[in-house]
Amino acid sequence: MRHNNYKDFLQDPQFILWRLTSDKTLNEVWKQYQVENPLLIDELNKAIELFGKVKLQEDQLLQQEQAELLARIHASVSTHNRKKQLLISRWSRVAVAASILILMSIGSYFFLNNPAGEESTGLSADLIIGENLEEKEIYLITDNQTSSFEKDVYIEIDENGSAIVREINSDKSQKVTASASTMNKLVVPYGKQTQLVLADGTKVWVNSGSVLEFPSVFSDKERTVNLVGEMYIEVAKDDRKPFLVNTKQFQVKVYGTSFNVSAYNEDINNSVVLVEGNVGVQGTATDETRLQPNEMLTIAESKWEKSQVDVSLYTSWKDGYILLNQTPIDEVLRQIERFYNLTFDIDIQSRPDLKQHTCTGKLLLSEDLDNVMTTISLLSSTRYMRDGKKIYININP
Amino acid sequence: MSYSNNIHEIDTLYREHVQALFTYGMNMGFSRETTKDAIHDIFYKICSDKHVLSAITNKRSYLLKAVKNRLLDIYKQTREKTDLPTDDTYHEIPFTVHATIEDKLIQAEDKEMILIQVKQLLEKLTHRQREIIYLRHSQELSYEEIALLMNITVPATRKLYHKAITALRKQTSTPLLLLFSVLM
């Protein structure tokens, strides 16, 4: 075959075989070729360079698939570990001591590898620093007594108006007498969640950082609860007694339906997301707004806005995971703060580039914070380190 | 508790090798989902048993072999279900290799030309020959590692490789002969 330019080499099977296999005999052949055709060396080198870009692999895992698969592995392993933990609960004290040791060793590893520490301005500018706050208890306050619980609990109000409180994943239960005449108060701190079944059979999932007031026996005319924070509620059907949810800014009126109410004091936007049924939302100075299933009403002080949404994005927290769809990392971390009782020093004004780090996928809210943070860092291409209660996220690893 | 201790090590291991494992599975003709399942299963095993990780000396070939075995298990199970003969037929598993060029700076015309040539050349090989060319040149594995992976002896691996090269050379025999005659 005669070669005039690089294209001729690229069409020569001999050349391709040589570049593909770096076969020894062929090496000799082409070395000799260069000696005999010095004028074509440039063209040959160009062909070699181009061929160097050929890769024998077409099927690549997308970055998101890669992150999702790793999250799936972690989820399987943590389920496996949790089962094991239940079997060896006698050893739990030992296990806790060991985990503290391990966290400390991860921390010192981090500092050893960053001797400059905070002094290196480049590094600290790219770092979000978070802290694991002191654990708080769930409180159930009735007019007779105040009870506190260290673990997530499941509360059921029985027909006599007493509250049966059961620790999740445990057989321990205790009875708390509730008051029929006044409102009982359930205080769920950050880092905890509570499931509650009211006297009429209505099911409520109370999210972290929320306060719910409810009577142990509903009145004859209506069923009323007061909320600060977030809950998902499946209201038992009763056409004669409307169900009312009062928040600081609005009231939701229902007859038998499932929906999510988010009314945190610190959030600018509150919202009501309707899963099924029919609700009306009323502010102090506004007319009632009716919602259809799959609709969300966003409530900011002056502005009410209705939109069509994928309800699972707003309600999945009750099933132990959150769905993310191009969600900026600062918003993800705000949610994580609530679920795990953390605080992050995010200043979006000074770091507008944070919005470019987005997460897409399913984030399992497992008991192991390391798993959760690792998944977030994979989804958002950041790096996560933990030193005891301190959490570091490097934005540009 | 070994898990949280190992977690960074395992994540690193995953990130370094997942792409190669995935491509290998896909080259063996399995679907994306099946290949992902197999990768999930082997990493799950590594995470669940801390002794596995410390016992591995050559991580890449260990992982490739583990994924291959897992895929073969899945393959056998589905074959059993479809009432096909269940003898050890894994030599028949097709192995295809696709070439790609990701560089955007290369002209489309040149790209096309290179890919067609490579494709024509690789199509002349048997599945096993293609697999060994892929392992040797794309994964850069040694004969020893390939032998382990393909379940054959090291001499047999060398033989298979040289057969593949000879087969390729035959395709290009005319210009090679011409060249040799020029050199003589």
Side-chain angles (χ1 to χ4, degrees), chain A residues 1 6-7 10-23 25-26 28-30 32-33 36 47 50-61 65-66 68-70 72-74 76-78 80-81 84 94-96 98-99 101-103 105-106 109 368 370-371 374 377-378 385, chain B residues 1 3-5 7-8 10-11 14-15 18-20 22-27 32 35-36 39-41 43-44 46-48 97-103 105-106 109-111 113-118 120-122 133-134 136-138 164-165 168-169 171-172 174-176 178-180 182-183:
Chain A
M1 193 173 206
Y6 74 95
K7 282 180 203 254
L10 291 175
Q11 282 183 320
D12 181 354
Q14 182 73 45
F15 171 83
I16 303 225
L17 179 62
W18 171 47
R19 296 316 303 168
L20 211 56
T21 63
S22 25
D23 183 63
T25 328
L26 289 172
E28 289 306 311
V29 171
W30 285 95
Q32 189 63 34
Y33 179 90
E36 291 175 12
L50 280 178
F51 198 85
K53 314 276 189 193
V54 174
K55 288 211 176 84
L56 288 187
Q57 33 187 283
E58 181 179 48
D59 303 299
Q60 297 268 318
L61 263 184
E65 283 181 300
Q66 229 182 87
E68 280 170 358
L69 180 54
L70 183 61
R72 214 175 102 200
I73 293 165
H74 283 318
S76 303
V77 175
S78 69
H80 170 91
N81 283 357
K84 235 165 48 184
V94 180
V96 167
S99 72
L101 269 176
I102 288 157
L103 293 176
S105 68
I106 292 171
Y109 162 79
D368 188 341
D370 284 328
N371 282 0
T374 305
S377 62
L378 267 167
M385 279 291 173
Chain B
M1 291 300 111
Y3 176 56
S4 43
N5 201 15
I7 186 165
H8 296 288
I10 283 162
D11 284 359
Y14 174 86
R15 251 174 260 138
V18 67
Q19 208 59 264
F22 182 73
T23 310
Y24 189 47
M26 293 294 286
N27 285 348
R32 290 185 90 80
T35 309
K36 282 199 254 180
I39 295 172
H40 166 271
D41 294 348
F43 273 92
Y44 174 72
I46 292 172
C47 293
S48 316
V97 173
H98 303 280
T100 47
I101 301 172
E102 271 167 19
D103 200 311
L105 296 173
I106 301 178
E109 182 196 350
D110 289 349
K111 248 186 218 182
M113 194 162 74
I114 298 173
L115 294 180
I116 288 174
Q117 291 292 334
V118 174
Q120 281 175 352
L121 208 58
L122 290 171
I133 292 285
Y134 169 77
R136 189 99 177 91
H137 296 287
S138 198
I165 293 290
L168 285 175
R169 212 176 278 160
Q171 297 310 312
T172 60
T174 328
L176 188 65
L178 275 175
L179 221 81
F180 268 121
V182 169
L183 293 173

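Values below: every heavy atom of this structure, side chains too, minus hydrogens, waters and symmetry copies. Proteins come first, then strands; the chains are lettered A, B, ... in the order of their sequence lines, and each starts at number 1.
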### Message
What's the separation between atom CD1 in I116(B) and atom CG in L10(A), rounded to the nearest 0.5 Å?
### Response
12.0 Å

### Query
Does any non-hydrogen side-chain atom of L69(A) lie less than 4.5 Å from one of Y14(B)?
yes

### From L70(A) atom CG to I10(B) atom CD1, the distance as rounded to the nearest 0.5 Å
9.5 Å

#### Entry: Heavy-atom pair with the smallest gap, counting every atom of I39(B) and I73(A)
O-CD1, 4.4 Å

### Query
Distance from R15(B) atom CZ to Q66(A) atom CD, nearest 0.5 Å?
8.5 Å

### Query
Can you name the closest pair of heavy atoms from R32(B) and E65(A) and give their distance?
NH2-OE1, 2.8 Å

## Note on the structure
Applying a strict 4.5 Å limit to non-hydrogen atoms, the region of Y6(A) in contact with chain B is side chain

